[in-house]
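Read the structure below first, then the notes.
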Amino acid sequence: MGKAEKEQLNRALTAHLNTIHETLQVLDQSPPSNSMEKVTWSQVIQIGEQVSKQATIAGMLWNGESPQAKEVEENVNSYFNVLQGFLLLSHGSTVGAGPTLSSSIHESVKHVVDCSFRLMKEHVSLYGSHNKEKKLSMPQIVGAVWEACSALKKVPPTNVTAIGRAMTQVAVSMKDVLREINELKPASSNPGDETSDNTPSKAESKPEDDDISDDDLGSDLSPEEMKVAQLAHGVLSETLLVIKELIRTITGMLKLETPDDNGKFVGSLEKLLKMCQCVGAEIDEIGACLYPPQEIDAIKLALEKMSSRINEIQQEVESFRTSSEPFLEACSGLRTVLKEMEAQLNSLSATELTTKMQNVAVIN
């Protein structure tokens with residue numbers, strides 16, 4: 001195990017790493033749909049299994065006696081040849097892919113590459129090493145490559161599936177906001193709760209007892225604020241129904257995804273996803289504004305933006321010329337609760353203004 005052999009292995013490894021880096025730079029550019037043949041994702045999964053096999057071979061070389069330099073170099077060469085083929089097929093699978101699907105593909109491919117780099121670097125560094133603990137780490141590193149290659153099976157195979165999953169994530173985030181709204185509670189209306197002989201009021205509490213907990217962050221709502229929260233709950237529930245029906249509608253359009261429309265259909269789906277994400281952002285804003293003191297003006301602005309987005313989403317879906325009664329009904333239901341909440345907020349604002357004017361009159 002001479003120094004010259006070790007240097008040769010390091011040179012070979014460096015050359016392969018540089019080649020893969022160059023290939024990855026090509027992968028960052030989406031291929032024109034008319035210049036390459038589309039590669040199915042099942043083909044990428046198959047060559048991913050070959051990467052796993054090469055990783056297994058690399059690990060097995062260190063099970064017993066230390067391998068010869070030639071064995072290590074041959075394995076390194078074979079591994080990177082398969083990895084290079086994996087990258088090229090992955091690039092071919094992005095033909096016709098929109099930003100959402102491309103992002104999923106690139107993320108999974110990068111994970112395989114990162115795990116492969118770690119394995120091959122460890123593989124070469126073990127040669128000539130007398131550190132037995134490093135050798136014991138090989139099964140874990142090989143296992144990471146297996147997991148990365150196995151995860152390829154979870155990558156969405158089509159634009160429709162990828163965008164549907166991204167919309168589902170928006171819905172998941174909305175459910176989190178809905179859960180937070182459900183946890184809001186009205187302030188205690190029992191005077192005895194505040195005048196208990198043994199319980200000091202907040203004004204009387206000692207400075208050293210001012211350890212703030214989650215329960216002290218002012219989440220208890222007045223009756224008026226509780227009403228606003230209940231209205232927001234209704235809006236959020238209807239919004240979730242719209243997203244659910246939208247996902248169901250677009251997943252039924254799988255056959256409409258063809259390379260012959262120059263990406264028009266995929267572009268419309270991506271547009272729908274962005275609008276859904278904008279609605280999700282407005283829901284987050286409303287949820288944040290429900291904590292006292294409630295920001296009514298910000299809530300009203302978010303409702304206005306949501307109303308506009310829902311109209312745009314419906315128009316985009318209708319451009320596919322496919323009717324979906326449940327989706328249209330869900331949109332109509334959401335518009336109804338949006339208008340109802342906006343009217344209630346205007347009424348509350350008017351009442352609050354009248355109260356303030358009366359207080360000013362009394363002071364004067």
(request) Give a yes-or-no answer on whether the side chains of Thr56 and Trp146 include a donor-acceptor pair shorter than 3.5 Å. (result) yes

- request: Establish, from distance only, whether the side-chain atoms of Gln43 and Thr40 form a donor-acceptor pair under 3.5 Å.
  value: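 Yes, side-chain donor-acceptor contact under 3.5 Å.
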
If we ignore hydrogens and angles and just use 3.5 Å, is the side chain of [X] paired with the main-chain N or O of [Y] as donor and acceptor?
X: Ser308; Y: Lys305; answer: no
X: Ser93; Y: Ser90; answer: yes
X: Ser307; Y: Leu303; answer: no
X: Asn75; Y: Glu71; answer: no
X: Ser150; Y: Glu147; answer: no
X: Thr14; Y: Asn10; answer: yes
X: Glu245; Y: Pro326; answer: no

Pair [X] + [Y], salt bridge at N-O below 4.0 Å:
X: Arg309; Y: Glu312; result: yes
X: Lys110; Y: Asp114; result: yes
X: Glu183; Y: Arg179; result: yes

Side chains of Met341 and Ile299, heavy atoms from C-beta outward: is any pair under 4.5 Å? yes

Could you report the tightest heavy-atom contact between [X] and [Y], atom names first, then the distance?
X: Val170; Y: Cys276; value: CG1-O, 3.6 Å
X: Gly234; Y: Val337; value: O-CG2, 4.3 Å
X: Met167; Y: Leu269; value: CE-O, 4.4 Å
X: Ala12; Y: Glu73; value: CB-OE2, 4.1 Å

Distance in Å, [X] [atom1] paired with [Y] [atom2], rounded so as to fall on 0.5 Å steps:
X: Glu270; Y: Leu101; atom1: CD; atom2: CG; value: 8.5 Å
X: Ile313; Y: Met306; atom1: CD1; atom2: CE; value: 9.0 Å
X: Lys121; Y: Leu17; atom1: NZ; atom2: CG; value: 6.0 Å

*Heavy atoms of other groups near Gln84 CD, more than 12 under 6.0 Å*: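 Correct, the count exceeds 12.
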
Query raised in the report: Counting only heavy atoms not in Glu329, do more than 12 fall under 6.0 Å of its CD?
Result: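 Yes - once you tally the heavy atoms of other residues, nucleotides and ligands closer than 6.0 Å, there are more than 12.
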
Quick check: is [Y] connected to [X] through a chain of hydrophobic side chains (ILVMFWY, heavy atoms under 4.5 Å apart)?
X: Tyr291; Y: Met226; answer: yes
X: Phe86; Y: Leu24; answer: yes
X: Phe265; Y: Met275; answer: yes

TODO: Report the relative orientation of the aromatic rings in Phe117 and Phe80; use parallel for angles under 30°, tilted for 30 to 60°, perpendicular for over 60°.
DONE: tilted

So ring-ring contact (aromatic ring centres under 6.0 Å, His included) across residues 149-187, not counting sequence neighbours, yields none

Requested in this report: Test Gln344 against Gln230 for side chain to side chain contact (heavy atoms under 4.5 Å, CB included), laying out the working first.
Outcome: CA-CA 11 Å; Gln344 291 286 347; Gln230 290 168 349; over 6 Å; no

Could you check Val51, Ile45, Ile47 and say which one makes a side-chain contact (heavy atoms from CB on, under 4.5 Å) with Glu49?
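Checked Val51, Ile45, Ile47 against Glu49; only one passes side-chain contact (heavy atoms from CB on, under 4.5 Å): Ile45.
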
